[in-house]
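All figures in this text were calculated on a predicted structure; none of them were measured in a lab. The chains referred to below are lettered A, B, ... by the order of the sequence lines, with proteins before strands, and numbering in each begins at 1.
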Protein chains: 2
Amino acid sequence: MIEDLFKKAGLKNTRQRYIVLKKIELSKEPVTAEDIFRQLVSEDCKINLSTVYRTLNVLTDKNILLKILKGDGTAAYEINNLSHNHYITCSVCSSSVPLDGCPVRELSENISKSTGFKVTGHTLQLMGICSKCLEKVKK
Amino acid sequence: MIEDLFKKAGLKNTRQRYIVLKKIELSKEPVTAEDIFRQLVSEDCKINLSTVYRTLNVLTDKNILLKILKGDGTAAYEINNLSHNHYITCSVCSSSVPLDGCPVRELSENISKSTGFKVTGHTLQLMGICSKCLEKVKK
DNA sequence: TTCGGTGCAAAATGTTTGCACACAC
DNA sequence: GTGTGTGCAAACATTTTGCACCGAA
């Protein structure tokens with residue numbers, strides 16, 4: 001499972017990587033580098049904070065994790081399960097491309113705070129012009 | 001105009017504040033503290049980077065500016081003109097509340113980069129349960 | 001055995017703060 | 001005159017990097 005993910009991504013399966021990804025997998029909500037680091041240290045697991053950062057960056061590059069910016073500008077990470085997507089649609093040729101990740105999820109907490117609403121759902125649809133049609137327009 | 005904004009917010013109208021806000025007003029897109037600082041320095045205008053940061057924070061607190069987090073986690077600011085809004089609607093009583101600011105705007109650049117699309121528009125609608133209806137549900 | 005990964009310490013980046021002085025009101 | 005705002009330097013938080021060593025394949 002995790003081992004396969006690493007293999008597929010061309011990454012070595014090291015102890016540190018494994019436990020970092022495991023921690024994120026088990027967490028219900030996005031976690032920061034510090035979160036992971038502190039948790040692991042409290043469990044007497046030897047790992048360096050730099051390693052956590054490097055691991056998060058690598059896994060994000062490989063699209064195994066999703067990087068989310070919190071309101072204060074710091075980063076949190078979660079498993080990229082692609083389960084919930086939005087799309088951008090070309091207004092010329094009607095082709096659609098999925099956006100990776102749902103940008104609304106990360107906003108929900110702030111919206112709850114500022115409006116008092118419990119957020120239960122949303123619709124988000126982007127419109128635009130795809131690169132091919134942009135080329136044609138230029139001519 | 002700017003003077004009135006300051007007065008209404010209970011802020012003194014200082015040279016530094018004035019030029020910072022002016023710069024943001026004249027800019028078409030969100031600007032960072034560094035952007036403003038460098039621009040002003042290049043125009044031989046004496047100002048301290050701390051002052052820029054403090055000014056941005058004060059004006060954001062007073063809702064004169066809107067703080068936007070860029071993809072790298074750094075902050076940019078723009079005039080809060082309330083011209084473009086989205087709403088969250090209560091699925092129980094159908095009341096609507098505007099969200100301040102448009103969260104999609106800040107995403108557009110990233111979306112352009114990752115999809116190749118030129119983003120021309122979007123719809124975003126949140127659904128939820130308002131605080132009053134949440135109260136009723138509890139009972 | 002070979003590279004990619006890790007630990008450590010140090011640096012880089014973006015932002016905030018304490019303090020003395022300056023200036024708008 | 002009073003208190004808010006500013007400049008400066010130093011601190012701070014988060015994240016990145018250089019280098020020597022380590023360990024998975």
Candidate nucleotides C/dT16, C/dA24, C/dG4, ranked by approach to the side chain of B/Ser50 - the nearest: C/dT16
Length of the CG-C1' vector between B/Asn13 and D/dT4, whole Å: 13 Å
Minimum-distance nucleotide (side-chain atoms of A/Asn48 versus C/dT15, C/dC8, C/dT16): C/dC8
B/Thr32 vs A/Thr51, nearer the 5' end of DNA chain C by closest nucleotide: A/Thr51
Rounded interatomic separation in angstrom, taking OH from A/Tyr53 and C1' from C/dG7: 16 Å
Distance in angstrom units between A/Tyr18 OH and D/dA24 P, rounded: 15 Å
Minimum-distance pair of heavy atoms, taken over all atoms of A/Ile79 and A/Ile24: N-CG2, 4.0 Å
For atom CD1 of A/Ile47 and atom C1' of C/dT6, their distance in whole Å: 9 Å
Most 5' of A/Leu11 and B/Thr55 on DNA chain D, judged by nearest nucleotide: B/Thr55
Side chain of B/Asn57 - closest among C/dT16, C/dC25, D/dT15: C/dT16
Between C/dG5 (C1') and A/Leu21 (CG): distance, integer Å: 16 Å
Listed nucleotide nearest any side-chain atom of B/Arg54, set C/dG7, D/dT15, D/dG7: D/dG7
Out of D/dT14, D/dC19, C/dA24, whichever nucleotide has its closest atom nearest the side chain of B/Thr14: C/dA24
Touch class at under 4.0 angstrom, heavy-atom based, for B/Ala33 against every strand present: nothing
Short N-O contact, B/Glu43 and B/Lys23, less than 4.0 angstrom: yes
Taking every non-hydrogen atom, the tightest pair across A/Val52 and A/Ile47: CG2-CD1, 4.0 Å
Side chain to side chain contact (heavy atoms under 4.5 Å, CB included) between A/Leu49 and A/Glu34, worked out: CA-CA 8 Å; A/Leu49 182 54; A/Glu34 275 286 332; 3.6 Å; yes
Touch class at under 4.0 angstrom, heavy-atom based, for A/Arg17 against every strand present: sugar-phosphate
Side chain of B/Lys12 - closest among C/dA24, D/dT6, C/dG14: C/dA24
Nucleotide D/dT4, atom P - distance to NZ of B/Lys7 in whole Å: 17 Å
Side-chain N,O (B/Gln16) to OP1/OP2 (C/dC23) below 4.0 Å: no
Rounded interatomic separation in angstrom, taking CD1 from A/Ile36 and P from D/dT14: 14 Å
Minimum heavy-atom distance between B/Lys46 and B/Arg15, given as atom pair plus value: O-NH2, 3.1 Å
Nucleotide C/dT17, atom P - distance to CG of B/Leu56 in whole Å: 15 Å
